[in-house]
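When reading the values below, keep in mind they use all heavy atoms of this one structure, side chains included, and skip hydrogens, waters and symmetry mates. From a predicted model like this one, the values you see are computed outputs, not experimental measurements. First the proteins, then the strands, lettered A, B, ... as listed; each starts at 1.
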Number of protein chains: 4
Amino acid sequence: MLLDIDLQSETPIYTQLVHGIVEGIARKQLQPGEGLPSVRSLAADLGINLHTVNKAYQLLKQEGYVQINRKQGVVITMDAYPAADDAYRSRLREQLRPLIADAICRGVTKEQFAEMSQAVFEEMLPKEEK
Amino acid sequence: MLLDIDLQSETPIYTQLVHGIVEGIARKQLQPGEGLPSVRSLAADLGINLHTVNKAYQLLKQEGYVQINRKQGVVITMDAYPAADDAYRSRLREQLRPLIADAICRGVTKEQFAEMSQAVFEEMLPKEEK
Amino acid sequence: MLLDIDLQSETPIYTQLVHGIVEGIARKQLQPGEGLPSVRSLAADLGINLHTVNKAYQLLKQEGYVQINRKQGVVITMDAYPAADDAYRSRLREQLRPLIADAICRGVTKEQFAEMSQAVFEEMLPKEEK
Amino acid sequence: MLLDIDLQSETPIYTQLVHGIVEGIARKQLQPGEGLPSVRSLAADLGINLHTVNKAYQLLKQEGYVQINRKQGVVITMDAYPAADDAYRSRLREQLRPLIADAICRGVTKEQFAEMSQAVFEEMLPKEEK
DNA sequence: GTGGTCTAGACCACG
DNA sequence: GTGGTCTAGACCACA
């Protein structure tokens, strides 16, 4: 698994972990049913504390991305994936607002913004194009 | 000025202030050259700490949104607006990545995502339709 | 015997086993004197660890639900059933307290709570209606 | 605030804290809008670690019982209380099942069980009867 | 002052 | 072996 953590970043390490793993799932590099490394081993790999990894795993569990059981450790959820319900859509809108307000002030047009989003989107789905 | 602050929110109050003011500028409710309320009066209006307002103003200045003069107080920058340079574009991309990764996992298509962005964009530019 | 084990559940597997077997006795699906499957076969059936099944059986024995003989294996107690003594009543009350406190906070009335309990009770005693 | 914690108990300390606080809310000893002690002071009072208190507070927040903001610390939610929705009802039913199965095996009748529940209920609402 | 984050190290329950 | 719990102590962001 490729996770690069920036210890100097403003964003908390556990948030970086969550983002990285979600992105791994989006890229299909992490398949449903697949197990994630144990808190201890991932912590050792990244040179961080196991509690930090644990917190990331707990958040992922809470959002429905993984399940944690005593046998296999942490496993990517197979079914009942997080849904794009109204709560999600309104949250996303709130997250987009400041980004878009900033973009407008900088003279970025609707089209340019859409273009950039598309680029990120497609970079995230390389296998879909094969 | 309409600024609604949510004390329960995860986002720091000063960040909410920055977002609110930038959005005001994007919506053209705040015009270049226009003055913002003094630190003291805005803090009193919102019932928050002086330091918090001050921190927001300093950040806005640092990003080039406002200028702070001893005489006129805080004034929205007339020229030399923040530019959409490469640094900005790569920062925006980094901010979009986790949002888009999450969206992909929830089965949101590129088109749906674009649609939602557009909606936010247009809601932010009501005067463009005149 | 119908025992469905949820590996994702918070409750330990051995606890789920105990609950399932006690419920089987309550429903009279398991009769006094009846033998339970051997540790080995039940573990194999459910795809779980031998130790887990063993721990559940030991707990059931400790609470007086079963007797364990070398010859007949694990057998449901015929007489000397666990009694509803004071120790039990106070333990039950302690278990009910957090449930009821939560219910009160959610606006559940005494009557609604009683109704729900009754429903579970009756669902557990289908043969009583014959 | 009266919270008695049993360090020897099987139930985790943070769970005992959650139960105690929810019960305090149910008993109206803790009023909506009221602030809870800071993690540090409560931890000091109880002679436990601040992280343990923090975990309890986080859980209460997650369940909607309290809100955490930077100004006043932890405050009991005033509106939008946890609701008695279907998810709650089915969860409660699952929690009641093992208790009731056990009760049935011990010869406790439906009426006796209801009586005990009522007793706990009424003990929790002393002021309602005044 | 508050809570948020991170570290380090320990013990236990579970399987 | 796994995660769950608890402790102790540190630094920082926020207000």
Subject >> Residues D/Lys28, D/Glu23; criterion salt bridge (charged side-chain N to carboxylate O under 4.0 Å, His left out); working and verdict >> reply: CA-CA 8 Å; D/Lys28 319 256 191 250; D/Glu23 192 171 323; over 6 Å; no

Round to the nearest Å and state the distance from [X] atom [atom1] to [N] atom [atom2].
X: D/Leu46; N: F/dC6; atom1: CG; atom2: C1'; answer: 14 Å
X: A/Ile68; N: E/dC14; atom1: CD1; atom2: C1'; answer: 14 Å
X: C/Gln8; N: E/dG15; atom1: CD; atom2: C1'; answer: 14 Å
X: A/Leu59; N: E/dT5; atom1: CG; atom2: C1'; answer: 12 Å
X: A/Leu50; N: E/dA10; atom1: CG; atom2: C1'; answer: 11 Å
X: A/Leu17; N: E/dT7; atom1: CG; atom2: P; answer: 10 Å
X: C/Asn54; N: E/dG15; atom1: CG; atom2: P; answer: 13 Å
X: D/Leu7; N: F/dC6; atom1: CG; atom2: P; answer: 9 Å

For the residue pair [X] and [Y], establish whether any side-chain heavy-atom pair is separated by less than 4.5 Å.
X: C/Gln95; Y: D/Gln95; result: no
X: C/Leu99; Y: D/Val120; result: no
X: C/Leu60; Y: C/Val22; result: yes

Original post:
Are the charged groups of C/Asp102 and C/Arg106 less than 4.0 angstrom apart, N to O?
Top reply: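 A salt bridge is present here (some side-chain N lies under 4.0 Å from a carboxylate O).
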
Subject >> Electrostatic pair A/Arg91:A/Glu94 at N-O distance under 4.0 angstrom >> reply: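 No, A/Arg91 and A/Glu94 are not salt-bridged.
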
Original post:
How would you label the contact of D/Asn69 with the nucleic acid (heavy atoms, under 4.0 Å): base, sugar-phosphate, or nothing?
Top reply: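 Touches nothing.
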
Original post:
Just how far is it from atom CD1 of C/Ile21 to atom CG of C/Leu3, taken to the nearest 0.5 Å?
Top reply: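 One finds 6.0 Å between CD1 of C/Ile21 and CG of C/Leu3.
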
Subject >> Atom pair CG (A/Asn54) and CG (A/Leu17), whose distance is rounded to the nearest 0.5 Å >> reply: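 Rounded to the nearest 0.5 Å, the CG-CG separation comes to 11.0 Å.
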
All N/O pairs under 3.5 Å across the protein-nucleotides 12-15 of chain F interface:
{"residue": "F/dC14", "atom": "OP1", "partner": "B/Tyr14", "partner atom": "OH", "Å": "2.9"}
{"residue": "F/dC14", "atom": "OP2", "partner": "B/Tyr14", "partner atom": "OH", "Å": "3.1"}
{"residue": "F/dC14", "atom": "OP2", "partner": "B/Lys55", "partner atom": "NZ", "Å": "2.8"}
{"residue": "F/dA15", "atom": "OP1", "partner": "B/Ile13", "partner atom": "N", "Å": "2.9"}

Donor-acceptor pairs are to be reported for all side-chain atoms of residues 37-44 of chain B against protein atoms at under 3.5 Å, with residues two or more places apart or in another chain.
{"residue": "B/Ser38", "atom": "OG", "partner": "B/Ser41", "partner atom": "N", "Å": "3.1"}
{"residue": "B/Ser38", "atom": "OG", "partner": "B/Ser41", "partner atom": "OG", "Å": "3.2"}
{"residue": "B/Ser41", "atom": "OG", "partner": "B/Ser38", "partner atom": "N", "Å": "3.4"}
{"residue": "B/Ser41", "atom": "OG", "partner": "B/Ser38", "partner atom": "O", "Å": "3.2"}

**OP:** Report the end-to-end axis angle of the helix from E/dG1-F/dC14 to E/dC14-F/dG1; each axis comes from five terminal pairs, and the value is rounded to 10°.
**Re:**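 Terminal axis comparison yields 20°.
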
Original post:
Is there a side-chain polar atom (N or O) of D/Gln72 under 4.0 Å from OP1 or OP2 of E/dG1?
Top reply: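 Checking E/dG1 against D/Gln72, no side-chain N or O comes under 4.0 Å of OP1 or OP2.
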
Original post:
Does D/Gln58 have a side-chain nitrogen or oxygen under 4.0 Å from the phosphate oxygens OP1 or OP2 of E/dG4?
Top reply: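 Yes, because at least one side-chain N or O of D/Gln58 sits under 4.0 Å from OP1 or OP2 of E/dG4.
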
